[in-house]
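Only this structure's heavy atoms are used, side chains among them; waters, hydrogens and symmetry mates stay out. Treat the numbers as computed from the prediction; the structure is a model and nothing was measured.
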Amino acid sequence: EVQLVESGGGLVQAGGSLRLSCAASGFTFDHYAIGWFRQAPGKEREGVSCISVGDVSLEDGKTYYADSVEGRFTISVDNAKNTVSLQMNSLNVEDTAVYYCAADPKYYSCSYYFKYGMDYWGKGTLVTVSS
């Protein structure tokens, strides 16, 4: 059974930083995409960042970011620890949301996953940015 457990959310002032982590277990896939989505109150879920792992094509390790976080957020994978992290810098109030870790073993692009979502989801962690 695939399980994704997020941690690292909390309250931070605008301009500050947070680091989210997602512990993944039950993975038996040679390839998967894993990433972060978020949902702010009253808004639809949106893709934040995504990375492809184990792809035999040139997509392996390729990262993908939403325009709104490009240059501020960094996604990384630690295969030894089965974790994916999201370093979030220069946070602003518009980043306030529940952040979800998600993963999918299919060979689709991150842009596809941003639009249609992934197969496996964590329960989310709340990030609140105060002004």
Worksheet item: Is there a donor-acceptor pair under 3.5 Å between the side chain of Ser49 and the backbone N or O of Tyr65?
Response: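 Answer holds: no.
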
Discussion item. Please give the remaining members of the hydrophobic cluster of Leu11, linking ILVMFWY side chains under 4.5 Å, ordered by chain and number.
Written reply: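 Besides Leu11, the hydrophobic cluster comprises nothing; the residue is isolated.
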
Item to complete: State which residues pass side-chain hydrogen bond (donor to acceptor under 3.5 Å, both in side chains) with Ser17; sequence neighbours excluded, sorted by chain then number.
Response: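 For Ser17 the side-chain hydrogen bond (donor to acceptor under 3.5 Å, both in side chains) partners, ignoring immediate neighbours, are Asn89.
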
Consider only side-chain heavy atoms of I, L, V, M, F, W and Y, link residues closer than 4.5 Å, and tell whether [X] and [Y] are in one cluster.
X	Y	answer
Tyr100	Val5	no
Val48	Val53	yes
Val98	Met118	yes
Val12	Met88	yes
Val127	Val69	yes

Determine all donor-acceptor pairs shorter than 3.5 Å in which one atom belongs to a side chain in residues 35-43; sequence neighbours excluded.
from: Arg38; atom 1: NE; to: Glu46; atom 2: OE2; distance (Å): 2.6
from: Arg38; atom 1: NH1; to: Asp95; atom 2: OD1; distance (Å): 2.9
from: Arg38; atom 1: NH1; to: Tyr99; atom 2: OH; distance (Å): 2.9
from: Arg38; atom 1: NH2; to: Glu46; atom 2: OE2; distance (Å): 3.1
from: Arg38; atom 1: NH2; to: Ser68; atom 2: OG; distance (Å): 3.4
from: Gln39; atom 1: NE2; to: Lys43; atom 2: O; distance (Å): 3.0

Fill in: Pairs touching residues 76-131 that satisfy disulfide (SG to SG under 2.5 Å), sequence neighbours left out
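Found Cys22-Cys101, Cys50-Cys110.
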
If you take all heavy atoms of [X] and [Y], which pair is closest and at what distance?
X	Y	result
Ala103	Leu4	N-CD1, 3.8 Å
Val93	Val129	CG1-O, 3.5 Å
His31	Ser52	NE2-OG, 3.2 Å

Worksheet entry | salt bridge (charged side-chain N to carboxylate O under 4.0 Å, His left out) partners of Arg19, counting only residues at least two apart |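 Counting only residues at least two positions away or on another chain, Arg19 forms no salt bridge (charged side-chain N to carboxylate O under 4.0 Å, His left out).
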
Worksheet item: Do Tyr113 and Tyr64 have ring centroids that are under 6.0 Å from one another?
Response: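 No, the ring of Tyr64 stays outside the 6.0 Å limit from the ring of Tyr113, centre to centre.
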
Worksheet entry | Set of ring-ring contact (aromatic ring centres under 6.0 Å, His included) partners for Tyr112, sequence neighbours left out |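 With neighbours one apart ignored, the set is Tyr108, Tyr116.
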
Item to complete: Output every pair passing side chain to side chain donor-acceptor pair (under 3.5 Å) with a member in residues 119-131, not counting sequence neighbours, ordered by first then second residue.
Response: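 Sorted result for residues 119-131: Lys106-Asp119.
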
Without placing hydrogens or testing angles, list every side-chain donor-acceptor pair under 3.5 Å for residues 74-82, not counting sequence neighbours.
from: Asp78; atom 1: OD1; to: Ala80; atom 2: N; distance (Å): 3.1
from: Asp78; atom 1: OD1; to: Lys81; atom 2: N; distance (Å): 3.2

